[in-house]
Structure formats: C-alpha cells, structure tokens
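Predicted model only: the values in this text are computed from it and were never measured. Whatever order the structure lists ligands and atoms in, that order sets their numbers, starting from 1.
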Amino acid sequence: MSLPPFRNEPVLELRRAAAREQLAAGMRELEPRLPLRVPVWIGDERREGDELVSTDPGDPDRVVAVAAMATEAEADRAVVAAREAFETWSRTPAARRADILVAAADSLRRRRAELAALEVRECAKPWGEADADICEAIDFLEFYARGAVALERGPELFQVPGERNEMRYAPRGVAAVIAPWNFPIAIPTGMVSAALATGNTVVLKPAEQSPGCGLMVVQALREAGVPPGAIGLLPGNGTAGAALVRHRDVATIAFTGSGPVGLEIMKTAAEVPVGGKHLKRVVAEMGGKNCVIVDSDADLDDAVPAIVQSAFVYAGQKCSAASRVLVHEAIADQIVERVAGAVDVLVVGQADMFGTDVPPVIEQEARDRVERYRALGARDGRLVAERREGAADHGWFVPPTVVADLPADSPVLHEEIFGPVLAVERVANVDAAMDRVDELPFALTGGLFARNPHTVHRVVQRSPVGNLYVNRPITGAMVGRQPFGGNRLSGTGTKAGGPDYLLHFVEPHVVTENTVRHGLVI
Ligand SMILES: NC(=O)c1ccc[n+]([C@@H]2O[C@H](COP(=O)([O-])OP(=O)(O)OC[C@H]3O[C@@H](n4cnc5c(N)ncnc54)[C@H](O)[C@@H]3O)[C@@H](O)[C@H]2O)c1
C-alpha cells in the first residue's frame, strides 16, 4: 500500500488546558516507572547494569535512568550482530521497511506524552520543546520511509540501442549512530531511521546524559518490527562511541555532537583497519557560532522577540541557537535596551513548569563551562542583562546573560558556548557584519533582520551558513521544510530532513548489459 504524502506532525497547542493535561498525564504515567533500566541490547540479549546514571538537571538527586555501560567487547558483538542481520534487512523491500518505520512513528504518537515527560526529566527540556522533539522524531520516520521507497526505484539513465543501463542504490552495511543529548529522541531517531530505511543495520550509541531516551527509540523500532539484530543499543560514554568508529565492519558513521569529537571521529574513520573493506563514510553534524544580523531598517517588534527566543529558549542548548547579534550602529543602543527588557521577562525555571523558557543546563560540567564564559564576558565587556533567579534553585541553572562591547578577539565571540549567553556587537553596516560572519570557521545557522530586499539578496549571496533565516527566529527547522545542517567546521554539509540525506547511507551500483544477443544457451 502506498503511503499518503508526507506532512509534519502538528505540535500541541499548550495554551489549551486540555493539551497541558495530556502532557501532565504522561508525567504521571512515567514517574512511577523511574528510574528506567537501560540495557546493553544486542539482538535478543540484554545486559543490565548500573555503571551509568542519568539524573534530572533540575534536581540532580532524582535518578532518571540507570544504564549498563557498554564495553569494547560488547561494541564488537553489537556490530557482528548487525552485520549478520544485514543479510536479511538489506534484502527486505524498501516498501516493507517503510511500513515498519511508519509503525514506529505510530508508536511514538501513541506514547507522545510519556516520551515528552521523559525528556523533561532526563534533559530538562521544557514541555513545548519536548513535545516538538517527539513530533520531529515522528517526522523523520515518516519522511525517510517515503524517501527510501523513492530512492529504491533508482534514477533514469541515458539508454542507447543494444545496451541497458541501470543504476540502483544499495545499503552500505552497518551504520554506527552516535547521538547528542539535546534533541534526545529526534536526533537519534533521525539518524537511525535514515540508515534503516535504506537497508543498513544500526548500532545506536546514545549520549551518556540521555540513555533513557535512547532506549525509547530502540524499543519503538523493535516493537514496530525492526529485527532485533538490525538495531542494537549501546549505552555508554565516548569510549563506546570510539570503539564503534574504529570497528572494521562499520561502514557508515552518523554523528551529531561537538566539533572536537566530530573531528576526532573523522580522523579515526580515515584509517582503514586491517581487513577492512570500506572507506568509512562520516555524516557529521557539529557545533556552531550562530550570528543574527540586524540592519538599521529592521522591524524591531519582530527582531527582538525572535533574537531572545533564538538565544535563550532551552537555555541556548540548541546547535542552531543565536549567540551573537551584529547590529547596525544606528539602532544598536535601542536593540540593547529592548533585548535586555525582553530578557527580563523570560521565564526562568524548572522544565516541568508549563511556560518555562530557560531551564537549567544539562549537567554540572556544562554549568561550569558557561559560567567561565559569563565571567569572561563580564570582565572584558559590559553586562547588559542577567537573570539570577534560578541560581538559588536546586539544579544546574545558569543566569541568562547578555553582554555588549566585547573586544574583537574575545573567546565569547568565537567559541561555541552552548548555554544562555548572548553577545551584542555594534557594526557600521551589514557588509561589516558579513565580514565578521565570514571570519568564523563555523557555518551552521544565521539570521538577518532587514526590510530592503537588496540587502536580503546581498546577504543570501554571501552567507556561508547551512541555514539562513530571514526576518524570523533562527531555531526550529522542520523536517522536509528546512533541511538542516552546517557547512565549514559545523558539519559535512549533509542536510537532515532534506531530499539528499539518504544518499549518504547508500552506495550506487550501475549495471550495463549488452542486449544484442549472441544466441540462446539452452
Ligand atoms: N549540527 C547539528 O545538527 C547539531 C545538533 C545537535 C547538537 N549539535 C552539537 O552537539 C554538541 C552538544 O552535544 P554533546 O554534548 O552530546 O556532544 P559530544 O560531542 O560531547 O557528544 C556527542 C556524542 O559523541 C559521543 N562521543 C564522545 N567522544 C567520542 C569519541 N571520542 N568517539 C566517538 N563518540 C564520542 C558522546 O558519548 C555522545 O554520544 C554541541 O556542540 C552542538 O552544537 C549539533
């Protein structure tokens, strides 16, 4: 049966009491089951353990999941199991694989409230963000299921008399999927479903901060009919990820995470292990330093809320979050004052409180890192806004902060902070702002607020970023609408949720047949 056209899963309208109640019911369902026990899960074999513990960033005494920590031997066994399962899964027709992925999407739909609640607890995602994350996971499953069916048909080639040419895309083999915690269900689901839809088998290594969410992804896929060997789960830290990257039989590595780890993975993957039969392919989505340019004619009623939302929602822990605002000097003072005013009314608080904009950051290490950048900003620049409320609370809160007048070489302007810190800079004009954007080695997202269409055109032509947003917030890419991913040191230029993404998980085979027959052998 063919699938209906793709459409994005609608997010819940949380201004409605009924929608809030639906999510609260999910939390009531989840809480008695905490802590979740997350096994190393290879084929039908489960090993539970308590070496890895994830806790609520808003209440670090609350244990959310207790996981086994995968060993190098287990990483090897998971790859071997995936290699064996590849024989069958790779020959399963794309339409059948698509049905299974769509069934997994249905299972996420059914458990949506409970899964959103898990993100609230394990990663301190505010409700609206958690719900959007589950919707994005559903979108990835539905989108790649359809894409793989279309890809299986192969492209049309030029044909001449006496010759038949065919091209098809074959799965590459075992894919190692290494995921971050900040979109703890959507990002692993996206990378895993792209690999599975195209006939690869997968070993998933979720982030050490979100093993519970990783378990939910694998459970949904297995319950929907993905054979156990075709999707393994390896909870653990970077060591387990590195063991997968090195493994001889891993053909593709789909990684989303920080720049330094991405670079290390690429270096390791470039070495062909003894007996290795693949040039390993790395699909890497990494960090950014995302700038928003505001021209003198911008509509500030649009620009200010969009900037504040892009910088501070989920405490700035989105790879797409705004971290620098480059504003035309004619309106710089006005922007600084209005951004500071908007920061003053942000809701800083626990993620499980409806309406929270800025929750605590993921862990103590993250809080300490962001605090170091805040201290640098306060020392070298001018503190324009700072909200200290959450600081007294139990949890890894960092005050949302805006700094201006930093020296050009400040690390606050050049390094990914990944927290609620925004720098505002004054520039002579849009071209000067573009020069600063161009100096950066990152090129993930960017924004522009301007009314003059010539200015918009000029910036679009010059911008190096993977996703440029004009006159709107710079976060919240939607599957199928805004294929997402960075350029330069922000990633391999692969676009998750876009038309070309699946091509990274396949290899092309061309068959040319001489159709001028030389007699019939009976
Ligand atoms: N570009 C994007 O689409 C995108 C999306 C989300 C997050 N990110 C980036 O991710 C980062 C935040 O996520 P994080 O803190 O989980 O990143 P991270 O790099 O610390 O970890 C990501 C994953 O890599 C694993 N890992 C760590 N060391 C490894 C190694 N040596 N070999 C193999 N795997 C290893 C971790 O265990 C984790 O599963 C930020 O830099 C953010 O910008 C990018």
Side-chain angles (χ1 to χ4, degrees), residues 52 54 57 67 69-70 72 75 122-123 125 129 133 136 140 176-192 194 203-211 213-214 217 233-247 250 253-269 280 282-290 314-323 361-363 365-366 369-370 415-419 442-445 465-467 474-477 479 482-498 501:
L52 186 67
S54 75
M69 177 97 83
E72 175 130 16
E122 194 164 49
C123 300
K125 276 226 146 184
E129 297 291 314
D133 194 63
E136 190 176 0
F140 278 131
V177 170
I178 302 174
W181 50 265
N182 66 334
F183 290 84
I185 292 189
I187 287 184
T189 302
M191 295 190 285
V192 167
V203 181
L204 168 64
K205 210 300 280 171
E208 48 274 45
Q209 298 85 351
S210 56
C213 289
V217 175
L233 176 66
L234 284 192
N237 55 20
T239 313
L244 288 176
V245 173
R246 278 195 306 272
H247 199 287
V250 166
I253 297 139
F255 166 78
T256 307
S258 61
V261 173
L263 290 179
E264 194 180 319
I265 286 176
M266 271 184 260
K267 263 192 245 160
T268 310
K280 290 175 195 264
V282 181
V283 175
E285 307 293 346
M286 291 131 85
K289 188 72 192 172
N290 308 313
Y314 194 32
Q317 299 173 110
K318 297 183 181 187
C319 52
S320 51
S323 73
V361 297
I362 187 74
E363 58 193 355
E365 197 186 318
R369 181 191 66 240
V370 183
E415 295 170 12
E416 186 184 44
I417 300 172
F418 218 56
F442 299 106
L444 185 47
T445 66
V465 302
N467 289 72
I474 69 167
T475 55
V479 171
Q482 290 97 25
F484 186 80
N487 300 322
R488 296 192 177 171
L489 294 188
S490 292
T492 45
T494 41
K495 288 289 193 187
Y501 189 68

Report task. Return the option from Pro188, Ala477, Gly287, Cys319 holding the heavy atom at the smallest distance from atom 44 (C) of ligand 1. Result -> Cys319
Query raised in the report: Which ligand 1 atoms, with their elements, are less than 4.0 angstrom from a heavy-atom of Asn182?
Result: 6 (C), 7 (C)
Query raised in the report: When you measure from atom 12 (C) of ligand 1 to every protein heavy atom, which one gives the shortest distance, and what is it?
Result: Phe418 CE2, 3.6 Å
Report task. Check whether any heavy atom of Gly491 sits under 4.0 Å from an atom of ligand 1. Result -> no
Query raised in the report: Looking at Phe183, does the NZ or CZ of Lys125 lie under 6.0 angstrom from its six-membered ring centre and within 45 degrees of the ring axis?
Result: yes
Report summary line: Those residues at least two apart in sequence (or on a different chain) that pass side chain to side chain donor-acceptor pair (under 3.5 Å) with Glu285 are Thr494
Requested in this report: Counting heavy atoms only, name the option from Ile362, Leu263, Thr256, Val177 that's nearest to atom 22 (C) of ligand 1.
Outcome: Thr256
Requested in this report: Return the minimal non-hydrogen interatomic distance between Pro188 and Ala179, and the atom names on each side.
Outcome: CB-CB, 4.0 Å
Report task. Could you tell me which residues satisfy side chain to side chain donor-acceptor pair (under 3.5 Å) with Arg369, sequence neighbours excluded, listed by chain and number? Result -> none
Report summary line: Heavy atoms of Pro57 and Val361 approach each other most closely as CB-O, 3.3 Å
Report summary line: for atom 36 (C) of ligand 1, nearest protein heavy atom and its distance come out as Glu208 OE1, 3.4 Å
**Report entry** Residue Trp181 vicinity, atoms of ligand 1 by number, heavy atom under 4.0 Å
**Finding:** 13 (O), 14 (P), 15 (O), 16 (O)
Query raised in the report: Nearest heavy atom to atom 20 (O) of ligand 1: which of Gly262, Ala269, Ser258, Gly214 does it belong to?
Result: Ser258
Query - Best match, Gly257, Pro180, Ser490: closest heavy atom to atom 10 (O) of ligand 1 - result: Gly257
Requested in this report: Could you find the nearest protein heavy atom to atom 1 (N) of ligand 1 and give me its residue, atom name and distance?
Outcome: Met286 O, 2.8 Å
Report summary line: For Ile187, the ligand 1 atoms with a heavy-atom partner under 4.0 Å come out as 5 (C), 6 (C)
Query raised in the report: Of all heavy-atom pairs between Lys318 and Asn182, which one has the smallest distance, and what is that distance?
Result: CA-ND2, 3.9 Å
Query raised in the report: At a 4.0 Å threshold, what atoms of ligand 1 neighbour a non-hydrogen atom of Lys205?
Result: 36 (C), 37 (O), 38 (C), 39 (O)
Query raised in the report: Can you check side-chain contact (heavy atoms from CB on, under 4.5 Å) on Trp181 and Glu122, steps first, answer last?
Result: CA-CA 9 Å; Trp181 50 265; Glu122 194 164 49; over 6 Å; no
Query raised in the report: Hey, is atom 24 (O) of ligand 1 touched by any protein heavy atom at less than 4.0 Å?
Result: yes
Query - Over all atoms of both residues, closest heavy-atom pair of Pro235 and Pro211 - result: CB-CB, 4.4 Å
Query raised in the report: Applying a 4.0 Å heavy-atom criterion (strictly less than), which segment of Asn237 is in contact with ligand 1: side chain, backbone, both, or neither?
Result: backbone
Report summary line: If you scan protein heavy atoms around atom 31 (N) of ligand 1, the nearest is Glu264 OE2, 3.3 Å
Query - side-chain contact (heavy atoms from CB on, under 4.5 Å) between Val283 and Tyr501, intermediate numbers included - result: CA-CA 9 Å; Val283 175; Tyr501 189 68; 4.0 Å; yes
Query raised in the report: Taking Ser320 as the fixed residue, which of Leu444, Thr475, Asn467 is the one that meets the side chain to side chain contact (heavy atoms under 4.5 Å, CB included) rule?
Result: Thr475
Query - For atom 41 (O) of ligand 1, closest protein heavy-atom neighbour - result: Glu416 OE1, 2.6 Å
Query raised in the report: Counting from 1, what ligand 1 atoms have a heavy atom of Phe255 closer than 4.0 Å?
Result: 19 (O), 22 (C), 23 (C), 24 (O)
Requested in this report: With heavy atoms of Ala242 as the reference, note each atom of ligand 1 found under 4.0 Å away.
Outcome: 32 (N), 33 (C)
Query raised in the report: Of Ala243, Pro206, Gly238, Gly259, which has the heavy atom at the shortest distance from atom 28 (N) of ligand 1?
Result: Gly238
Report summary line: Looking only at protein heavy atoms, what sits closest to atom 29 (C) of ligand 1 is Val261 CG1, 3.4 Å
Query - Thr445/Phe484 under side-chain contact (heavy atoms from CB on, under 4.5 Å): CA gap, chis, key distance, verdict - result: CA-CA 9 Å; Thr445 66; Phe484 186 80; 3.6 Å; yes
Report task. Kindly give the heavy-atom pair with the smallest separation between Ile362 and Gln317, and that separation in Å. Result -> N-OE1, 3.0 Å
Report summary line: Shortest non-hydrogen pair, Ile474 vs Ala321, comes out as CD1-C, 4.1 Å
Query raised in the report: Is there a heavy atom of Ala179 sitting under 4.0 angstrom from any atom of ligand 1?
Result: yes
Query raised in the report: Against heavy atoms of Ala207, which atoms of ligand 1 measure under 4.0 Å?
Result: 39 (O)
